[in-house]
Amino acid sequence: LSKSTKRIQDQVMSLRMVAIRDTFLKMKRIARDVSKKTNKEFDFILKGEDTEIDKTMVDALSDPLIHLIRNAIDHGLESDEDRITNNKGKGQVSLEAYHRGNNIVIEIKDDGKGINVEAIKNKAIERGLMHQDQILSDSEIINFIFHPGFSMAKQISDVSGRGVGLDVVKTSIDKLKGKVDISTTLGKGSSF
């Protein structure tokens, strides 16, 4: 009985699984639109479109992914002129999905300027989120970008700096029992 029940459960679970391809193709369109709005040329690379994920998660991931793609392009990538000045070639933004154990990992990478930890620290001090003499690790300081209303955008545009911060992304991912990890190297790029 337990073997039959397990087999039925596995079959029912497999019916709920769908490839993430459609969501990824939607992100490709978003990236193309943002490229035109920001006048930035870059290669958008998709990997793991056949990775399967629960149907209910596909819809819930769409908005956070859109936000992260827009940020990678608008905040992460330098302008084409700055990339030439810094001896960098054409920009790259990649979106990849893969399984790690029982989890699915969705990774958005850019080869842009990286996250300026010192600028985030200064903004956090200015907003009263930390004290001048407080000692925090780089990752703790970077996590301030998930604070509601926290924005590093110098001017509001219809691409980013619209008053909708990364706190919305973190909240959405938390609801799915997931987490957002960030790795960044100044001048080299970031990975969410």
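Note that this is a predicted model, so its numbers are computed, not measured.
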*Asks:* Do Phe192 and Leu166 have side-chain heavy atoms sitting under 4.5 Å apart?
*Replies:* yes
*Asks:* Is the CD atom of Glu140 crowded by more than 12 outside heavy atoms at less than 6.0 Å?
*Replies:* yes
*Asks:* Quick check: do Leu46 and Lys28 have side-chain heavy atoms less than 4.5 Å from each other?
*Replies:* yes
*Asks:* With a 3.5 Å distance limit and no angle check, can you tell me whether Ser79 reaches the backbone of Asp82 through a side-chain donor-acceptor pair?
*Replies:* yes
*Asks:* Only one of Ile30, Val34, Ile69 passes side-chain contact (heavy atoms from CB on, under 4.5 Å) with Phe44; say which it is.
*Replies:* Ile69
*Asks:* Checking the side chain of Lys40 only, and the main-chain atoms of Ile73 only, is there a donor and an acceptor separated by less than 3.5 Å?
*Replies:* yes
*Asks:* In the structure I gave you, are the side-chain heavy atoms of Ile20 and Glu52 within less than 4.5 Å of one another anywhere?
*Replies:* no
*Asks:* Roughly how far, to the nearest 0.5 Å, is the CG atom of Asp111 from the CD atom of Glu78?
*Replies:* 7.5 Å
*Asks:* Between Val105 and Leu95, is there a shared hydrophobic cluster once you connect ILVMFWY residues whose side-chain heavy atoms come closer than 4.5 Å?
*Replies:* no
*Asks:* What pair of heavy atoms forms the shortest contact from Lys113 to Leu77, and how long is it?
*Replies:* NZ-O, 4.4 Å
*Asks:* State, to 0.1 Å, how close Thr51 and His99 come at their nearest heavy-atom pair, and which atoms those are.
*Replies:* CG2-NE2, 3.5 Å
*Asks:* Quick check for you: to the nearest 0.5 Å, what is the distance between Arg70 atom CZ and Asp33 atom CG?
*Replies:* 8.5 Å
*Asks:* Give a yes or no on this: more than 12 heavy atoms of other residues, nucleotides or ligands lie within 6.0 Å of atom CG of Leu15.
*Replies:* yes
*Asks:* Nearest 0.5 Å, please: how far is OG in Ser94 from CD1 in Ile108?
*Replies:* 9.0 Å
*Asks:* How many angstroms lie between atom CD of Gln92 and atom CZ of Phe42, to the nearest 0.5 angstrom?
*Replies:* 11.0 Å
*Asks:* Could you pull out the closest heavy-atom pair between Met17 and Asp54, with the gap in Å?
*Replies:* SD-N, 3.7 Å
*Asks:* Is Gln134 reaching over with its side chain to a backbone N or O of His131, donor-acceptor style, under 3.5 angstrom?
*Replies:* yes
*Asks:* Using only atom types and a distance under 3.5 Å, with no angle test, would you say the side chain of Asn86 pairs donor to acceptor with the backbone of Lys88?
*Replies:* no
*Asks:* Looking at Asp167 and Gly149, what are the two nearest heavy atoms and their distance?
*Replies:* OD1-N, 4.1 Å
*Asks:* Mind checking whether Met27 and Tyr98 sit in one hydrophobic cluster, side chains of I, L, V, M, F, W, Y counted as touching below 4.5 Å?
*Replies:* no
*Asks:* Is Leu65 linked to Leu25 within one hydrophobic cluster, defined over Ile, Leu, Val, Met, Phe, Trp and Tyr using a side-chain heavy-atom separation of less than 4.5 Å?
*Replies:* yes
*Asks:* Surrounding NZ of Lys90 (heavy atoms of other residues, nucleotides or ligands, distance under 6.0 Å), is the total greater than 12?
*Replies:* yes
*Asks:* Is the closest side-chain heavy-atom distance between Thr56 and Arg16 below 4.5 Å?
*Replies:* yes
*Asks:* Is there a side-chain contact between Asn39 and Asp80 in this structure, where contact means two heavy atoms from C-beta onward sitting under 4.5 Å apart?
*Replies:* no
*Asks:* Does the side chain of Lys26 pick up a donor-acceptor pair with the side chain of Ser62 at under 3.5 Å?
*Replies:* yes
*Asks:* Please round to the nearest 0.5 Å and tell me the distance separating atom CD1 of Ile182 and atom CD1 of Ile142.
*Replies:* 6.0 Å
*Asks:* Determine the minimum heavy-atom distance between Ser190 and Ile115, stating which atoms define it.
*Replies:* OG-CG1, 3.5 Å
*Asks:* Heavy atoms only: give me the nearest Ile120-Phe150 pair and the separation to one decimal.
*Replies:* O-CZ, 3.8 Å
*Asks:* Report all side-chain donor-acceptor pairs from residues 1-8 shorter than 3.5 Å, counting only partners two or more places apart or in another chain.
*Replies:*
from	atom 1	to	atom 2	distance (Å)
Thr5	OG1	Leu1	O	2.8
Lys6	NZ	Asp10	OD1	3.0

*Asks:* Check step by step if side chain to side chain contact (heavy atoms under 4.5 Å, CB included) holds for Met130 and Phe144.
*Replies:* CA-CA 10 Å; Met130 69 178 283; Phe144 281 122; 3.6 Å; yes
*Asks:* Hey, could you give me the CG/CD1 distance between Leu61 and Ile106, rounded to the nearest 0.5 Å?
*Replies:* 4.5 Å
*Asks:* State plainly whether one hydrophobic cluster holds both Val180 and Leu176, where clusters connect Ile, Leu, Val, Met, Phe, Trp and Tyr through side-chain heavy atoms under 4.5 angstrom apart.
*Replies:* yes
